[in-house]
Each structure stands twice: as C-alpha cells, then as structure tokens.
Amino acid sequence: QVQLVESGGGLVQAGGSLRLSCAASVNIFRTNAINWYRQAPGKQREFVAIISSSGTTTYADSVKGRFTISRDNAKNTVYLQMNSLKPEDTAIYYCKALSSLWGQGTQVTVSS
C-alpha cells in the first residue's frame, strides 16, 4: 500500500522560510506528477504547486516567486521550499499523488 508522509512544518515568523518534504513508501514519483495543496482554517483546500514526472512546475499565483517545488526521485521525495512566508500562508499543507492519494498533512504557522 502506497503512503505519502509530509514533514517539515512548524512555526515561523513572517519573512522566514521552511522546507516541506513529501516522502512516498514506494517509488511513484518517477512516473507521476506530485501536487502540494493547503487548507487554512475555515477555507477550502487549494492548489499550491505541481511538479510533473518530467520536472515541469506550475504554481498558484499566490505563491509564485516565493515557493519552489522540486523532486529527488532517488529518495522518493518531493520538496516545497517556502520563502518570504506571510501570515496568509498559514495552513495545513498536503501532498497528493495519483488521482486521490493524500498524505496526512503538516501544519505551517506564520506569525506576524
């Protein structure tokens, strides 16, 4: 059974940085696109970024220029480098693979 596990969340001041990781229990990243989503309290889950199997990346407008998604196929891990964090980035961050495989999420809190 394939599982995704996110890590790297935490509390950071506005302007700071965090790097999230999404690790898979089996090697699915080499041939599948991986997404990052986030869900803030009282809001719907929203798309953050995606990296295709070939390495093409796409970002939500709200994070473009501040976040970078990358992958290490040898480690079965996808990363989300988050710089210049803002209080509005506070949310639970999830990675997603295949059509409906989600991790459990990792909390990111940005204080003003």
Find out if a path of hydrophobic residues (ILVMFWY) with successive side-chain heavy-atom gaps under 4.5 Å connects [X] to [Y].
X	Y	value
Val26	Val78	yes
Ile51	Leu80	yes
Val2	Leu98	yes
Val48	Tyr94	no
Val12	Ile92	no

Could you measure the distance from the [atom1] atom of [X] to the [atom2] atom of [Y]? Nearest 0.5 Å is fine.
X	Y	atom1	atom2	value
Ile50	Ile34	CD1	CD1	8.5 Å
Ser84	Phe67	OG	CZ	9.0 Å
Cys22	Lys96	SG	NZ	11.5 Å

Worksheet item: Can the ring centres of Trp102 and Tyr37 be said to be less than 6.0 Å apart?
Response: yes
Practice prompt. Answer yes if the side chains of Tyr93 and Arg38 hold a donor-acceptor pair under 3.5 Å, and no otherwise.
Written response: yes
Discussion item. If we count only N and O atoms by modelled type, under 3.5 Å, do the side chains of Ser53 and Asn32 hold a donor and an acceptor together?
Written reply: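 Ser53 vs Asn32: no donor-acceptor pair found between side chains.
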So, do [X] and [Y] sit near enough that their side-chain heavy atoms are less than 4.5 Å apart?
X	Y	answer
Leu20	Glu6	no
Leu4	Leu101	yes
Ser17	Gln81	yes
Ser21	Lys75	no
Ile69	Trp36	yes
Thr90	Gln107	yes
Arg66	Asp89	yes
Gln104	Gln3	no

Practice prompt. Indicate the atoms forming the closest heavy-atom contact of Ser112 with Pro87, along with that distance.
Written response: CB-CG, 3.8 Å
Practice prompt. Grab the two heavy atoms, one from Gly9 and one from Val108, that are nearest each other, plus how far apart they are.
Written response: CA-CG2, 4.2 Å
Practice prompt. Go through the steps for Tyr59 and Thr68 under the test side-chain contact (heavy atoms from CB on, under 4.5 Å), then give the verdict.
Written response: CA-CA 8 Å; Tyr59 298 91; Thr68 302; 3.8 Å; yes
Discussion item. Between Asp61 and Lys64, does any NZ, NE, NH1 or NH2 come within less than 4.0 Å of an OD or OE carboxylate oxygen?
Written reply: yes
Worksheet item: Checking side-chain contact (heavy atoms from CB on, under 4.5 Å) for the pair Ser7/Thr106: CA distance, chi angles, key distance, verdict?
Response: CA-CA 6 Å; Ser7 61; Thr106 185; 5.6 Å; no
